[in-house]
Every structure is written in C-alpha cells, then in structure tokens.
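Below is one structure; the comments refer to it alone.
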Amino acid sequence: MVYKALTIAGSDSGGGAGIQADLKTFQELRVFGMSALTAVTAQNTLGVQGVYPLSPEAVAQQIESVGTDLGADAVKTGMLFSAEIIEVVASKVKQFGWERLVVDPVMIAKGGAPLLQEEAVSALKTHLLPLSMVVTPNIPEAEALTGLTIRTIEDRKEAAKRLHELGVKYVVIKGGHDDDGEETVDVLYDGSEFFYFTSKRIDTKHTHGTGCTFAAAITAELAKGKTVQEAVQTAKSFIQAAISHELGIGHGHGPTNHWAYREKQAR
Ligand SMILES: Nc1ncnc2c1ncn2[C@@H]1O[C@H](COP(=O)(O)OP(=O)(O)O)[C@@H](O)[C@H]1O
Ligand SMILES: Cc1ncc(COP(=O)(O)OP(=O)(O)O)c(N)n1
C-alpha cells in the first residue's frame, strides 16, 4: 500500500523547517510526500533573510494538480503567509473533501521573522481551523489564536478548549516554549479528555524546524490510517530522536536530525 501526504507550506532553503522538513519526515515514515509551495524563504540556521510569497493562484493550481491526479490520504499546512492564501487553501480542502487535515499555525520563526501576516490570524480561525482534524500550535501561537496568556498547564487546557470550540476536532498545544523543568509536555484535547505526551527536555540550541517536523509526523501517521493519539505518540518519539541526535550543522540554531528515528528503530 502506498500512503500519500500533501504539505502546503513555505520553502526553507536551509532544509530544517517548512516543506523540506515535511517531505523528509514523510519519507522517513514511509509515506509518499507531495507539496504545494506558498512562499520561498531565504533562510538558514542564523535566521530568515528573505520571504517571497507566491500568488494565491499559484498555490491553488499546485493543490489542484495534486488533488485531481494523485490524491492525498492526509494533508498538512504550515507557513501560509496571507489571508488570501488561507482562503484558497480552505476552498481546495473543501473541494477535495480532505478530512485528515493537520494545521500547524506557523506565525513567527524562532529567530523572530514573521511568516504569517498579522491580519491573517483571523482568516486562519474563520476559514481553516473549522476544517481541520488536528491543530498544533506552540504556546505563543495558542496565545495569538485565543487571546489568552499561557503560563501553566491549566492555561493550556483552557486554550485547547477555546480552539476546539472553533471546530477543530483535536488540539495539540506543544510545550517546547515552556522551558521550566526537566520535561517537555504536549497536551492533546479531543473535546472531552486531555492526554499528555511527555519527554525529557533536551538542552540544545539545535531545534530549528521542530514544530514542522512534529506536525509532519502526525500527518504521515494519519495518512496510514492511525488514530490521532497513535499519530501524536509516534510524532513525539520522532521529534525526540530528531532533537537528541543533533547534526550540529550551520552557525546558529541548527536543524533536527530527520533520519534519527529510523536508525533508532533499526537498531
Ligand atoms: N528542547 C526540547 N527537548 C525535547 N523536546 C522538545 C524540545 N523543544 C521542542 N520539543 C518538542 O518539539 C515539538 C515542537 O515543539 P515546539 O518547539 O513548541 O514547536 P515550534 O517549533 O512550533 O515552536 C514538541 O513535541 C515539543 O515537545
Ligand atoms: C518556511 C518555514 N516554515 C515554517 C517555519 C517555522 O518552523 P518551526 O518548525 O516552527 O521552526 P522554527 O522556525 O521555530 O525553528 C520556518 N522557519 N520556515
């Protein structure tokens, strides 16, 4: 069986985040990866040097090409840049009836560069979140989407409930930005229960692209027909391996190691 996943996201020339991280993750999890580019970024481990969005028509046409021929078992969105792009993505998701949709609401790169226009946050809430099966905000993104200030796990639970009310079936609020304590905890809410995915916090500066990689792993597992709980568990193990076995490349915040999980499984 060939499982297929489509990522709709921006290109990271440095290869650690964006489309590149997504396709590497799909491949490592034995899922055929396809892409629709929303923007080209000139980016490396030191930061984002340039952002060049594509036209909404170009984004729509790429999705159309994939949807009318290959099809997709699951779809992920990453950097969407503008309200116009969000609207065409939402309309194509509806057109092709894609239900296994993972929305990683990328807003700002770790170095501080904006990857989503501020006025596009409300388009994300109105047009895309109601269509999504899973949304995977980090803490600042969950704050921007809900208007809440998030300090504690209870705050994250409240934010998850608010996002669920927008129509998202499963909300995962990631804990990478909560650097208190020895563990990172990702909180999953399915509309009635909370589940916690915990791992040892790794002390490293090489975490560029963790969010993209984590959401891409969820997407790959959903493409195979796994449940959301199973998919999040695999994604947590995948990202833990990718962060622990750092590559140490570049002069700044380096990428994670996308082949570490496979090598660990093979041992
Ligand atoms: N230092 C770390 N050690 C272990 N896991 C981490 C670390 N930083 C992030 N993660 C994990 O990586 C994934 C992405 O989290 P996060 O960094 O919050 O996202 P983003 O890249 O979108 O800001 C989550 O599963 C989180 O728990
Ligand atoms: C093209 C592109 N898309 C998304 C991101 C953000 O990726 P993320 O996984 O959140 O990693 P950091 O930028 O926070 O390291 C990006 N940088 N570029």
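FYI, the numbering just counts along the sequence from 1. Reckoned from all heavy atoms, side chains included, excluding hydrogens, waters and symmetry mates. Whatever order the structure lists ligands and atoms in, that order sets their numbers, starting from 1.
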Identify the protein heavy atom lying closest to [atom], giving its residue, its atom name and the separation to 0.1 Å.
atom: atom 3 (N) of ligand 1; answer: Ile202 N, 2.9 Å
atom: atom 11 (O) of ligand 2; answer: Gly209 N, 3.1 Å
atom: atom 10 (N) of ligand 1; answer: Ile243 CD1, 3.7 Å
atom: atom 7 (O) of ligand 2; answer: Cys212 SG, 3.1 Å
atom: atom 18 (N) of ligand 2; answer: Gln43 NE2, 3.1 Å
atom: atom 23 (O) of ligand 1; answer: His177 NE2, 2.6 Å
atom: atom 14 (O) of ligand 2; answer: Lys110 CG, 2.7 Å
atom: atom 8 (N) of ligand 1; answer: Gly176 CA, 3.9 Å

Going by atom types alone, do [X] and [Y] pair a side-chain donor with an acceptor below 3.5 Å?
X: Ser35; Y: Thr7; answer: no
X: Ser192; Y: Asp190; answer: yes
X: Ser11; Y: Gln20; answer: yes
X: Gln95; Y: Lys92; answer: yes

Ligand-side contact atoms (ligand 2) for residue partner [X], heavy atom cut-off under 4.0 Å:
X: Val106; result: 4 (C)
X: Gly211; result: 9 (O)
X: Gly10; result: 1 (C)
X: Ala109; result: 13 (O), 17 (N)

Tell me which part of [X] gets within contact of ligand 2: side chain, backbone, both or neither, using heavy atoms under 4.0 Å.
X: Leu115; value: side chain
X: His253; value: neither
X: Ala21; value: neither

ask   = Salt bridge between Arg151 and Asp180, side-chain N to carboxylate O under 4.0 Å?
value = no

Euclidean distance, Thr146 OG1 relative to Glu158 CD, rounded to 0.5 Å = 8.5 Å

query = Could you state the interatomic distance from CG (Leu145) to CG (Leu163), rounded to the nearest 0.5 Å?
reply = 5.5 Å

note = From the list Lys236, Arg201, Lys174, side chain to side chain donor-acceptor pair (under 3.5 Å) partner of Thr184 resolves to Lys236

request  = Test the Lys157-Phe194 pair against the cation-pi criterion, namely NZ or CZ under 6.0 angstrom from the six-membered ring centroid and within 45° of the ring axis.
outcome  = yes

message = Exactly one of Leu101, Val75, Thr77 should register a side-chain contact (heavy atoms from CB on, under 4.5 Å) with Leu131. Which one does?
response = Leu101

Give the atom numbers and elements of ligand 1 that come within less than 4.0 Å of a heavy atom of [X].
X: Phe214; value: 25 (O)
X: Lys174; value: 14 (C), 15 (O), 18 (O), 19 (O), 20 (P), 22 (O)
X: Gln240; value: 4 (C), 5 (N)

Got an N/O contact under 3.5 Å between [X] and ligand 1?
X: Lys110; answer: yes
X: Lys236; answer: yes
X: Thr207; answer: no

message = According to a hydrophobic-cluster definition based on side-chain heavy atoms being under 4.5 Å apart (Ile, Leu, Val, Met, Phe, Trp, Tyr only), do Ile63 and Leu37 belong together?
response = yes

request  = Answer yes if Val168 and Leu188 sit in the same cluster of Ile, Leu, Val, Met, Phe, Trp and Tyr residues linked by side chain heavy atoms under 4.5 Å apart, and no otherwise.
outcome  = no

inquiry  = Yes or no: does Ser11 have any heavy atom under 4.0 Å from an atom of ligand 2?
reply    = yes

Heavy-atom pair of closest approach, residues Cys212 and Asp22 = O-OD1, 3.4 Å

Per atom 14 (C) of ligand 1, closest listed option by heavy atom (Thr210, Ile218, Val172) = Thr210

query = Of the choices Ile173, Asp186, Thr256, which has the non-hydrogen atom that lies closest to atom 26 (C) of ligand 1?
reply = Asp186

request  = Show the numbers, then the answer: is there a side-chain hydrogen bond (donor to acceptor under 3.5 Å, both in side chains) between Lys200 and Ser244?
outcome  = CA-CA 10 Å; Lys200 183 176 171 293; Ser244 333; over 6 Å; no

